[in-house]
Amino acid sequence: RSDVVMTGDIFMTTSYPIIDLQNGGSINGVIDALNFILDLTIPAEKQEGGTMVIPGHGRLCDEADVVEYRDMVTIIRDRIQDMIKKGQTLEQVKAAKPTRDYDPLYGSGDTFVEAVYKSLTGKK
């Protein structure tokens, strides 16, 4: 009855998610996992205090923090997917810096951009 969810490294407040492409991980799998976490949580206004979320790294959070993180991951995925549809290479996508507005919060997005690109194109 503690109403606490421990997420492991699928949700972190200190960095972009890590996509384990070598073991079948994908950007869409990360988004699905974040949505599953949200299915388990209760917002603070529905229950006293709501569900507390313990990230793999970073500060104690609530449902709203997971929503913001999931939205950020989805926005970046959609940006990269749009660039792929326009025929851009990995180098061009990296140069466009699709994570620029989130980098102050999560650090350099280069590794994340590369993993998302490879996940969406099926390249390893």
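Given the structure is predicted, the values throughout are model-derived calculations rather than measurements. The basis for the numbers below is simple: all heavy atoms, side chains too, and nothing from hydrogens, waters or symmetry mates.
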Per-pair distances, 0.1 Å, donor-acceptor, side chain in residues 8-16, under 3.5 Å, sequence neighbours excluded:
| from | atom 1 | to | atom 2 | distance (Å) |
| --- | --- | --- | --- | --- |
| D9 | OD1 | H57 | NE2 | 3.2 |
| T13 | OG1 | H57 | O | 3.4 |
| T13 | OG1 | R59 | N | 3.2 |
| Y16 | OH | T99 | O | 3.3 |
| Y16 | OH | D103 | N | 3.2 |
| Y16 | OH | D103 | OD1 | 2.6 |

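Taking the side chain as every heavy atom from C-beta outward, K94 and Y117 never approach each other to under 4.5 Å. The shortest distance between side-chain heavy atoms of M83 and P98 falls below 4.5 Å. Considering only heavy atoms from C-beta on, M52 comes within 4.5 Å of L60 through its side chain.
Taking the side chain to side chain contact (heavy atoms under 4.5 Å, CB included) definition, one finds that E68 meets it with nothing, sequence neighbours left out. Shown here are the salt bridge (charged side-chain N to carboxylate O under 4.0 Å, His left out) partners of K85, two or more places apart in sequence or in another chain: there are none. Residues passing the side chain to side chain contact (heavy atoms under 4.5 Å, CB included) test with D78, sequence neighbours excluded: T74, Q81. For R79, the salt bridge (charged side-chain N to carboxylate O under 4.0 Å, His left out) test picks out D101, with sequence neighbours left out. Every residue was checked against the side chain to side chain donor-acceptor pair (under 3.5 Å) condition with D32, not counting sequence neighbours, and none meets it. Evaluation of the side chain to side chain contact (heavy atoms under 4.5 Å, CB included) rule for S108 yields D110 as partners, not counting sequence neighbours. Annotation: side chain to side chain donor-acceptor pair (under 3.5 Å) contacts of D20 (sequence neighbours excluded): N23. Applying the side chain to side chain contact (heavy atoms under 4.5 Å, CB included) rule to V67 yields the partners L38, E63, R70, D71; only residues at least two apart in sequence or on another chain are considered.
Panel note: side chain T41, backbone T51; no donor-acceptor pair is recorded below 3.5 Å.
In this structure, E91 CD and E114 CD are separated by 8.5 Å, a value rounded to the nearest 0.5 Å. Atoms CD1 and OG1, from I54 and T7 in turn, are 8.5 Å apart once rounded to the nearest 0.5 Å. Between atom CD1 of residue I84 and atom CD of residue Q92 there is a gap of 11.5 Å, rounded to the nearest 0.5 Å. Between the OG1 atom of T121 and the CG atom of L90 there is a distance of 8.0 Å, given to the nearest 0.5 Å.
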Chi angles and distances behind the side chain to side chain contact (heavy atoms under 4.5 Å, CB included) call for D3, I42 | CA-CA 8 Å; D3 206 9; I42 297 169; 4.1 Å; yes
Dump the intermediate steps for side chain to side chain contact (heavy atoms under 4.5 Å, CB included) on L21 and S119, then the final yes or no.
-> CA-CA 7 Å; L21 297 171; S119 173; 3.8 Å; yes
V53 and D65: side chain to side chain contact (heavy atoms under 4.5 Å, CB included), yes or no, with the steps?
-> CA-CA 9 Å; V53 180; D65 296 308; over 6 Å; no
Would you please test R77 and I31 for side chain to side chain contact (heavy atoms under 4.5 Å, CB included) and show each step?
-> CA-CA 9 Å; R77 185 227 24 215; I31 293 169; 3.5 Å; yes
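You'll find the ring centres of Y102 and Y69 outside the 6.0 Å limit.
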